[in-house]
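Treat the numbers as computed from the prediction; the structure is a model and nothing was measured. Numbering of residues begins at 1 and proceeds along the displayed sequence.
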Amino acid sequence: MLLKKRLFNLIRKSFTLNIEMGKSLHQAKKNSLIFFPYQPNLFSCGISAFVAFKGEQADPGFDLTQFSKEISGLKVLLSTGTDSLSIEKEYLGGDLLLGQLFKTAQTLKLESVFSKLFFNDDKILQLTKIIDAMGQIINDQENEFKKSVSNLSSQDVDIVSMRMEKLKDI
């Protein structure tokens with residue numbers, strides 16, 4: 001039953017397909033198959049030079065305020081002290097938290113998200129504050145790492161180094 005429904009939706013969607021010739025992706029309607037797409041600043045080879053498709057783009061729903069709160073949470077997590085800190089499980093929130101932050105930060109590279117931020121002065125200011133806060137966290141952690149590297153095991157040094165690199169990537 002599920003297969004029939006998927007097949008039916010695929011057939012129905014193919015009948016709503018627009019076919020365009022020589023248009024730019026920006027000028028084409030959504031759900032369009034474009035033959036010989038006009039791409040003035042791009043040299044295409046292979047089939048991409050002859051055919052392009054413009055589908056519906058889902059909004060990734062990036063929330064800059066939430067991202068700011070997550071970075072602030074990271075700062076609070078680090079200020080709680082590192083005396084009894086289990087480096088493998090808790091340093092910089094652990095691999096899971098850093099992975100989620102990295103995934104969220106990668107969303108900034110999407111054109112729809114980037115353009116919304118780029119053309120809004122308030123969001124640029126908010127993003128600048130986030131970047132400054134992250135820079136401060138990185139500087140503080142690097143200084144702390146330099147002070148305590150001699151007291152750490154080689155495994156802990158590797159964990160700290162990898163997580164600091166991940167934080168810098170974010």
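For the atom pair CZ of Phe102 and OG1 of Thr107, the computed distance is 10.5 Å after rounding to the nearest 0.5 Å. Between the CG atom in Asp121 and the OG1 atom in Thr128 there is a gap of 10.0 Å [rounded to 0.5 Å]. Note: Gln100 CD to Ile170 CD1 = 10.5 Å, rounded to the nearest 0.5 Å. Distance CD1/Ile138 to CG/Leu92: 9.0 Å, rounded to 0.5 Å. We find the OG-CG distance between Ser68 and Leu127 to be 9.5 Å, quoted to the nearest 0.5 Å.
Listed for the Arg163 side chain is no donor-acceptor partner under 3.5 Å among the backbone atoms of Leu98. At least one donor-acceptor pair closer than 3.5 Å links the side chain of Ser153 to the backbone N or O of Asp156.
No side-chain N or O of Gln126 forms a donor-acceptor pair with one of Asp122 less than 3.5 Å apart.
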Query raised in the report: What's the verdict on side chain to side chain contact (heavy atoms under 4.5 Å, CB included) for Asp95 and Ile159, showing C-alpha distance, side-chain angles and the deciding distance?
Result: CA-CA 9 Å; Asp95 288 330; Ile159 292 170; 5.8 Å; no

Query - side chain to side chain contact (heavy atoms under 4.5 Å, CB included) evaluation trace for Ile130 with Leu64 - result: CA-CA 9 Å; Ile130 292 170; Leu64 192 59; 3.8 Å; yes

Query raised in the report: Hey, mind stepping through Leu167 and Met134 against side chain to side chain contact (heavy atoms under 4.5 Å, CB included) and telling me if it holds?
Result: CA-CA 8 Å; Leu167 187 61; Met134 287 191 67; 3.8 Å; yes

Query - Stepwise side chain to side chain contact (heavy atoms under 4.5 Å, CB included) test for Thr104 and Gln66 - result: CA-CA 10 Å; Thr104 303; Gln66 180 62 33; over 6 Å; no

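Side-chain contact check for Ile137 versus Ile71: some heavy-atom pair is nearer than 4.5 Å. Glu70 places a side-chain heavy atom less than 4.5 Å from the side chain of Leu101.
Figure legend: cation-pi geometry between Lys109 and Phe114 absent, as NZ or CZ is not positioned both under 6.0 Å from the six-membered ring centre and within 45° of its axis.
Cluster annotation: Val113 and Ile124 are assigned to distinct hydrophobic clusters (Ile/Leu/Val/Met/Phe/Trp/Tyr, side-chain heavy-atom contacts under 4.5 Å, transitive). In the hydrophobic clustering of ILVMFWY residues, with side-chain heavy atoms under 4.5 Å counting as a link, Leu97 and Met162 come out apart.
Smallest separation of non-hydrogen atoms from Glu20 and Lys23: OE1-CD, 3.1 Å. Gly93 approaches Leu74 most closely through the heavy-atom pair N-CD1, 4.4 Å. The minimum heavy-atom distance between Lys123 and Lys116, with the atom names listed, is CD-O, 4.2 Å.
Salt-bridge check for Glu142 with Lys147: failed, with every basic side-chain N at 4.0 Å or more from each acidic carboxylate O.
Shown here is Lys129, whose NZ atom has no more than 12 heavy atoms of other residues, nucleotides or ligands within 6.0 Å.
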